[in-house]
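Below is one structure, written out as structure tokens; the observations come after it.
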There are 2 protein chains.
Amino acid sequence: MEKKLGKVLVVDDEKDILQIVKYNLELHGYDVQTAENGVDAIDKNKSFKPDLILLDIMMPHKDGIQTCIELRANPENDNTLIIFLTALSDERSEIRGLELGADDYIAKPIKPKLLVSRIHSAFRRIIKDDSKTIIFPNLEINREKFMVKHNSVEVALPRKEFELFALLASKPGRVFLRNEILEKVWGNDVIVGDRTIDVHVRKIRQKLNVDYIQTVKGVGYKFEI
Amino acid sequence: MEKKLGKVLVVDDEKDILQIVKYNLELHGYDVQTAENGVDAIDKNKSFKPDLILLDIMMPHKDGIQTCIELRANPENDNTLIIFLTALSDERSEIRGLELGADDYIAKPIKPKLLVSRIHSAFRRIIKDDSKTIIFPNLEINREKFMVKHNSVEVALPRKEFELFALLASKPGRVFLRNEILEKVWGNDVIVGDRTIDVHVRKIRQKLNVDYIQTVKGVGYKFEI
DNA sequence: TTGTCGATTACGAAATTGTTAAGAACTAAG
DNA sequence: CTTAGTTCTTAACAATTTCGTAATCGACAA
């Protein structure tokens, strides 16, 4: 099964709309569930835990605004995006929705392409943070946390060691020439001896116990899982 | 001086619009600067470092789309929101803008209330993290009361210490560079000595007895429970 | 065997952070 | 406006960690 981009819960009382939206989002790789009213939406949110909720404002059994308020009241949903979806294209309700903690607003009638674009855009904001992490089985390198997690054990690497390791891991399998490493980790103008790199490599190997870094004689080093 | 909500750079070639937008945003507590074209915008972005850029699409000297591409190419602006502002209310350009990495889209003619709402909403996403109370086992950080409750004992921290601690705790595990800390706790224009951060860290450690703050040499500090 | 290249080790230099105390800058109360 | 009490910043020095080097060892190939 193809990996899904993210989970979206669509809430609207018109089945036609649910269908159109569901179809279009699934086409673009999202995992979609639907709800027909606010009560239903809050239930489905609990079980499905979507990343994003598309919420119609005008609905029987708890309208979208009320639903939004309730969702936002629960800190569990802090990271859930809420986008209102509504026929009321007047300024007032748009403002109200945004003030209530919604993240965006899409006016009906729905234009599929625009819808998908907005949702892509919304997701881009969510996943931006993860992009700074390089993940392998048993190994996680987080540039933001300056941390290497190896077999669920966090290992702290000093700056040079970390930068060297992260550089190699950024392109697994690719061999980095010694010159290249010097240039990227130490900078073009700093001059350090030949053994410096080796020593750092050694320290990394020592700290991780496993030999992720392989020597390519006469050439340089490469990262291999 | 009242504390500003955030920094906004408004880019448009029509001076009327710049004025209207600037006026309305300043009225609501934002720190606003303006630019009249893309080239100017990129300059001002460097010096002003806004949190959000309102970008007109149709402009002489580098249009908004091109400007957006250039801004997004620089990882320094990863956390800068970009909202397009344009008279082209057709679906096409809206999609294009969003695909390019813009975060939202506001159609002209500008309705001041709506504009302000959207911007509030956009900012809410940025500052979501420093809202209210951060809770961990045995530790509770309350931004409103400026209180830290540690093992059910309330500890009062002075402002700088509190802000520093709250900043680190807002993203547990993540390392904050010294620069980042200075910028966020002290502000971009204040210049303080090198040992200032250390001294504050020490005082926090002292008052809480437990070492929630860890040093990452050569990099910065991080919070870890 | 010998030469080359990387691995390893230990040590001193350099860089960075920790600690302390003093006084400057602020605040709140009178 | 003064005073008393905090809070903030700085500076000097101590402690620690990281960095780079040199010396030596080991593997491998010619």
Side-chain angles (χ1 to χ4, degrees), chain A residues 146-148 154-168 175-224, chain B residues 1-3 145-148 154-168 175-224:
Chain A
F146 262 89
M147 185 212 75
V148 176
E154 292 198 351
V155 182
L157 296 181
R159 198 173 53 214
K160 293 283 182 202
E161 288 170 35
F162 183 87
E163 281 173 12
L164 170 52
F165 192 53
L167 172 66
L168 295 180
V175 179
F176 287 84
L177 310 181
R178 296 177 93 92
N179 282 338
E180 245 180 312
I181 296 174
L182 285 177
E183 184 190 324
K184 297 201 172 159
V185 176
W186 274 263
N188 238 326
D189 32 69
V190 183
I191 298 161
V192 292
D194 240 13
R195 301 271 62 73
T196 302
I197 295 179
D198 310 19
V199 172
H200 282 277
V201 167
R202 185 182 167 270
K203 286 184 178 161
I204 297 169
R205 285 171 170 159
Q206 200 171 266
K207 283 178 185 165
L208 295 185
N209 281 318
V210 183
D211 218 357
Y212 290 115
I213 300 177
Q214 321 223 293
T215 306
V216 182
K217 273 217 171 185
V219 188
Y221 292 93
K222 69 175 171 176
F223 174 96
E224 205 109 52
Chain B
M1 195 176 84
E2 187 200 351
K3 177 142 193 231
K145 297 186 187 170
F146 267 52
M147 276 305 237
V148 175
E154 293 206 339
V155 181
L157 295 182
R159 198 172 58 230
K160 293 284 181 201
E161 288 170 36
F162 184 87
E163 279 175 14
L164 170 52
F165 191 53
L167 172 66
L168 296 180
V175 177
F176 287 83
L177 310 181
R178 294 176 94 92
N179 283 339
E180 247 180 311
I181 296 175
L182 284 177
E183 185 183 317
K184 297 201 173 158
V185 176
W186 274 263
N188 234 327
D189 32 65
V190 183
I191 297 161
V192 291
D194 240 12
R195 300 270 61 70
T196 302
I197 295 179
D198 309 63
V199 172
H200 283 273
V201 167
R202 180 171 175 279
K203 286 183 178 161
I204 297 168
R205 285 173 170 158
Q206 203 170 267
K207 284 177 185 166
L208 296 185
N209 280 318
V210 183
D211 218 356
Y212 290 115
I213 299 176
Q214 318 220 292
T215 306
V216 182
K217 270 225 169 183
V219 188
Y221 292 94
K222 68 175 169 176
F223 174 96
E224 205 110 52

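Chain identifiers are assigned alphabetically (A, B, ...) following the order of the sequence lines, protein sequences preceding nucleic acid strands; residue numbering begins at 1 within each chain.
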Let me have the donor-acceptor pairs involving side chains of residues 195-203 of chain B, under 3.5 Å, with sequence neighbours excluded, atom names and distances please.
residue, atom, partner, partner atom, Å
B:Arg195, NH2, B:Asp198, OD1, 3.0
B:Arg195, NH2, B:Asp198, OD2, 3.0
B:Thr196, OG1, B:Gly193, O, 3.3
B:Asp198, OD1, B:Arg178, NH2, 2.5
B:Asp198, OD2, B:Arg178, NH2, 3.2
B:Asp198, OD2, B:Tyr221, OH, 3.3
B:Arg202, NH1, B:Gln206, OE1, 2.7
B:Arg202, NH2, B:Gln206, OE1, 2.5

Whole-Å gap separating P (C:dT4) and NZ (A:Lys217): 13 Å

Using the rule given for side-chain contact (heavy atoms from CB on, under 4.5 Å), can you reason through A:Ile181 versus A:Leu168, listing the C-alpha separation, both sets of side-chain angles and the distance that settles it, and then say yes or no? CA-CA 9 Å; A:Ile181 296 174; A:Leu168 295 180; 4.2 Å; yes

If each of A:Val199 and B:Thr215 is mapped to the nucleotide of DNA chain C with the nearest heavy atom, which maps nearer the 5' terminus, i.e. the 5' end? A:Val199

Ring-plane angle category for B:Phe165 and B:Tyr212, please: parallel below 30°, perpendicular beyond 60°, tilted otherwise. tilted

Using a cutoff of under 3.5 Å, can you pull out all pairs of nitrogen or oxygen atoms linking the protein to nucleotides 23-28 of chain C, with atom names and distances?
none

Who pairs with A:Lys207 by side-chain hydrogen bond (donor to acceptor under 3.5 Å, both in side chains), at least two apart in sequence or on another chain? A:Glu161

Gap between atoms CD and P, on A:Gln214 and C:dG6 respectively (whole Å): 15 Å

Whole-Å distance separating the NE2 atom of A:His200 from the C1' atom of C:dG6: 16 Å

Give, for atom CZ of B:Phe176 and atom CD1 of B:Ile213, the distance between the pair rounded to the nearest 0.5 Å. 11.0 Å

Pairwise 5' ranking along DNA chain C for A:Lys203 and A:Gly220, keeping only the more 5' one: A:Gly220

Select base, sugar-phosphate, or nothing to describe what A:Phe162 touches, counting heavy atoms under 4.0 Å on all strands. nothing

How long is the line joining CZ of A:Arg202 and C1' of C:dC5, in whole Å? 17 Å

Approximate separation, where rounding is to 0.5 Å, of B:Asp211 CG and B:Glu224 CD: 11.0 Å

Are OP1 or OP2 of C:dG18 and a side-chain N or O of B:Tyr221 less than 4.0 angstrom apart? yes

Between residues 175-191 of chain A and DNA chain C, which residues have a heavy-atom gap below 4.0 Å? A:Arg178

Please report the shortest heavy-atom distance between A:Phe146 and A:Arg159, naming the atom on each side. CE2-CG, 4.5 Å

For the pair made of CG in B:Asp194 and P in C:dT17, what is the distance, rounded to whole Å? 8 Å

Find the distance A:Arg195:CZ to C:dA10:P and express it as a whole number of Å. 18 Å

Could you give the start and end, 5' to 3', of the contact zone on DNA chain D for chain A, using atoms under 4.0 Å from its heavy atoms? D:dT18 to D:dA23

What residues form a side-chain hydrogen bond (donor to acceptor under 3.5 Å, both in side chains) with B:Gln214, not counting sequence neighbours? none

If I compare all heavy atoms of B:Val155 with all of B:Met147, which pair ends up nearest, and what's the gap? O-SD, 3.7 Å

Nearest 0.5 Å, what's the CG-CD1 distance between A:Asn209 and A:Ile204? 13.5 Å

Within this structure, what is the NZ-CH2 distance for the pair B:Lys160 and B:Trp186, rounded to the nearest 0.5 Å? 6.0 Å

